[in-house]
**Student:** 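Below is the structure I would like to discuss, written out as C-alpha cells.
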Amino acid sequence: SAAGALAVHDALNSLFDKLPAEQQEAWVKQKARLREQTEVAKAKILDMSDPVVDRLLDKLLATAKKSATGEPDLPGWVGRIYSRVLDGIWPDVRMELKAGMQGMVLRSKGDDADVAAS
C-alpha cells in the first residue's frame, strides 16, 4: 500500500540521517555510480536492439500502407498518393518513434534530484 511504502521510505530516511556524514557521502557517491552504470547499460541495450526496432518499424510502415491503400473501392491513383505520402513522412516518423522510445528508457537529467533518499 502507499501508506506502507511511505512508512518504509520515512524509516530509511531516518536511518540514513543517523549515519555519520562520511558514510552518507559514500552512500550518495555509490548510488550515483550505480545509477550511471545502469544508464550506460540501458544505452548499450538500446543500441543492440536497434536492428529489431528497425524491423518492427518497417512492419509498421507496411501495415500502415496496407491499411491506407487496401480498400477495394479506393482508386489506384489515391492509393499511390497515400503510399508516397507515407514514404515521404516515414523517416521523420521513424526518428520520432525511436527518440520517444529512448526517452522512455533512459533517465532524464532531472531524475537525479533526490539521490540520497530514493
**Student:** Would a single hydrophobic cluster contain both V53 and W90, if residues Ile, Leu, Val, Met, Phe, Trp and Tyr are joined by side-chain heavy-atom contacts under 4.5 Å?
**Tutor:** yes
**Student:** Which distance, rounded to the nearest 0.5 Å, do you find between the CG of L46 and the CD of E39?
**Tutor:** 10.0 Å
**Student:** Once you round to the nearest 0.5 Å, how far does OG of S49 lie from CE of M101?
**Tutor:** 6.0 Å
**Student:** Between V105 and I45, is there a shared hydrophobic cluster once you connect ILVMFWY residues whose side-chain heavy atoms come closer than 4.5 Å?
**Tutor:** no
**Student:** Indicate, with yes or no, if V28 and L19 share a hydrophobic cluster defined by side-chain heavy-atom contacts under 4.5 Å among Ile, Leu, Val, Met, Phe, Trp and Tyr.
**Tutor:** yes
**Student:** If you take all heavy atoms of L74 and A68, which pair is closest and at what distance?
**Tutor:** CD2-O, 3.4 Å
**Student:** For the CD atom of Q24 and the CG atom of D17, what is their distance to the nearest 0.5 Å?
**Tutor:** 6.0 Å
**Student:** To the nearest 0.5 Å, what is the distance between CD1 on I81 and CG on L86?
**Tutor:** 12.0 Å
**Student:** Output, in order, the C-alpha distance, side-chain angles, deciding distance and verdict of side chain to side chain contact (heavy atoms under 4.5 Å, CB included) for D54 and K98.
**Tutor:** CA-CA 9 Å; D54 284 336; K98 288 175 88 169; 2.8 Å; yes
**Student:** Are L97 and I89 grouped together when hydrophobic residues (ILVMFWY) are joined by side-chain heavy atoms under 4.5 angstrom apart?
**Tutor:** yes
**Student:** Suppose the criterion is side-chain hydrogen bond (donor to acceptor under 3.5 Å, both in side chains): which pairs have a residue in residues 62-79, not counting sequence neighbours?
**Tutor:** K65-D87
**Student:** Quick one: pull up CG in L57 and CG in D50 and give me the separation to the nearest 0.5 Å.
**Tutor:** 9.0 Å
**Student:** Going by salt bridge (Lys or Arg N to Asp or Glu O under 4.0 Å), name the residues that satisfy it together with E25, two or more places apart in sequence or in a different chain.
**Tutor:** K29
**Student:** Running the 4.5 Å side-chain criterion over Ile, Leu, Val, Met, Phe, Trp and Tyr, what cluster does M95 land in, apart from itself?
**Tutor:** none
**Student:** Kindly indicate, with the supporting measurements, whether the criterion side chain to side chain contact (heavy atoms under 4.5 Å, CB included) is fulfilled by T38 and R35.
**Tutor:** CA-CA 5 Å; T38 300; R35 282 187 174 180; 5.6 Å; no
